[in-house]
Amino acid sequence: MPAELSLLTGLKRFLAPENSLRGDLDVAFGELSTLQTVAMPDNRLTGTVPTGIMQKNPNLGFVDLGGNQFEGTLPTSVAVASKLSDLQLNANLLTGTIPAEIGQLAQLSEYFL
């Protein structure tokens, strides 16, 4: 994922399903504040679940990062995305428990692990 994506300051939706994308999503999208949708299922994304995207995009409502190779636990900082209504992280390599902070997401209506 090229860091130059962060220059797209008006970007609201980024959809790239079923590619061979790799890289750090927080570097590519972490500086944007306009994202509402990020859908990148079935790629080759690795590392931990990127939280910078959710922390810096107050209008983010839909995140689909299923079918990648994210590892580790689901971070508690996911709860800062207060408008999140759909979170899909299924078919990754996540471990641990679901953080209680997920309960703070009042608009969350779909949650796939």
Side-chain angles (χ1 to χ4, degrees):
M1 297 298 303
E4 289 80 11
L5 281 171
S6 66
L7 300 174
L8 302 173
T9 57
L11 188 65
K12 291 184 180 180
R13 298 177 69 206
F14 186 85
L15 305 135
E18 299 178 18
N19 290 288
S20 294
L21 298 177
R22 300 172 194 214
D24 188 332
L25 298 185
D26 282 340
V27 170
F29 298 114
E31 297 304 314
L32 299 178
S33 61
T34 56
L35 280 175
Q36 297 171 358
T37 301
V38 174
M40 301 176 67
D42 303 316
N43 280 285
R44 293 184 182 170
L45 300 169
T46 60
T48 58
V49 174
T51 57
I53 294 173
M54 295 179 231
Q55 292 173 334
K56 297 194 177 174
N57 289 284
N59 295 312
L60 194 61
F62 182 90
V63 174
D64 183 355
L65 298 174
N68 283 288
Q69 299 168 10
F70 291 114
E71 298 178 312
T73 60
L74 184 61
T76 59
S77 57
V78 169
V80 300
S82 62
K83 293 187 179 179
L84 199 59
S85 63
D86 193 321
L87 178 60
Q88 299 181 23
L89 296 169
N90 55 302
N92 278 288
L93 305 170
L94 300 176
T95 58
T97 60
I98 298 171
E101 289 80 359
I102 292 295
Q104 297 171 11
L105 295 172
Q107 296 186 35
L108 191 64
S109 61
E110 300 218 9
Y111 184 46
F112 295 102
L113 285 178

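These figures come from a predicted structure and were not determined experimentally. Positions are given from 1, in the same order as the sequence printed here.
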Open item on the list: With a 3.5 Å distance limit and no angle check, can you tell me whether Ser85 reaches the backbone of Ser109 through a side-chain donor-acceptor pair?
Closed with: no
Open item on the list: Closer than 3.5 angstrom, by distance alone: can the side chain of Asn92 be matched with the main-chain N or O of Asn68 as a donor-acceptor pair?
Closed with: yes
Is [X] linked to [Y] within one hydrophobic cluster, defined over Ile, Leu, Val, Met, Phe, Trp and Tyr using a side-chain heavy-atom separation of less than 4.5 Å?
X: Leu89; Y: Val80; answer: no
X: Leu113; Y: Leu87; answer: yes
X: Val27; Y: Val49; answer: no

Looking only at non-hydrogen atoms, find the nearest pair between [X] and [Y] and report the distance.
X: Pro2; Y: Ala28; answer: O-CB, 3.7 Å
X: Asn43; Y: Glu18; answer: ND2-N, 4.1 Å
X: Leu25; Y: Met1; answer: CD2-CG, 3.7 Å
X: Gly10; Y: Thr34; answer: C-OG1, 3.5 Å

Are any non-hydrogen side-chain atoms of [X] and [Y] less than 4.5 angstrom apart?
X: Val63; Y: Val78; answer: no
X: Gln88; Y: Phe62; answer: yes
X: Phe14; Y: Leu5; answer: yes
X: Tyr111; Y: Leu105; answer: no
X: Pro50; Y: Leu65; answer: yes
X: Asn59; Y: Lys12; answer: no

Return the [atom1] to [atom2] distance between [X] and [Y], rounded to the nearest 0.5 Å.
X: Leu94; Y: Thr73; atom1: CG; atom2: OG1; result: 8.0 Å
X: Asn57; Y: Lys83; atom1: CG; atom2: NZ; result: 11.5 Å
X: Leu60; Y: Ser33; atom1: CG; atom2: OG; result: 11.5 Å
X: Ser6; Y: Leu11; atom1: OG; atom2: CG; result: 10.5 Å
X: Gln107; Y: Leu84; atom1: CD; atom2: CG; result: 9.0 Å
X: Ser77; Y: Met54; atom1: OG; atom2: CE; result: 7.5 Å

Task: Those residues that, when tested against Arg22, pass side-chain contact (heavy atoms from CB on, under 4.5 Å) (two or more places apart) - done: Arg44
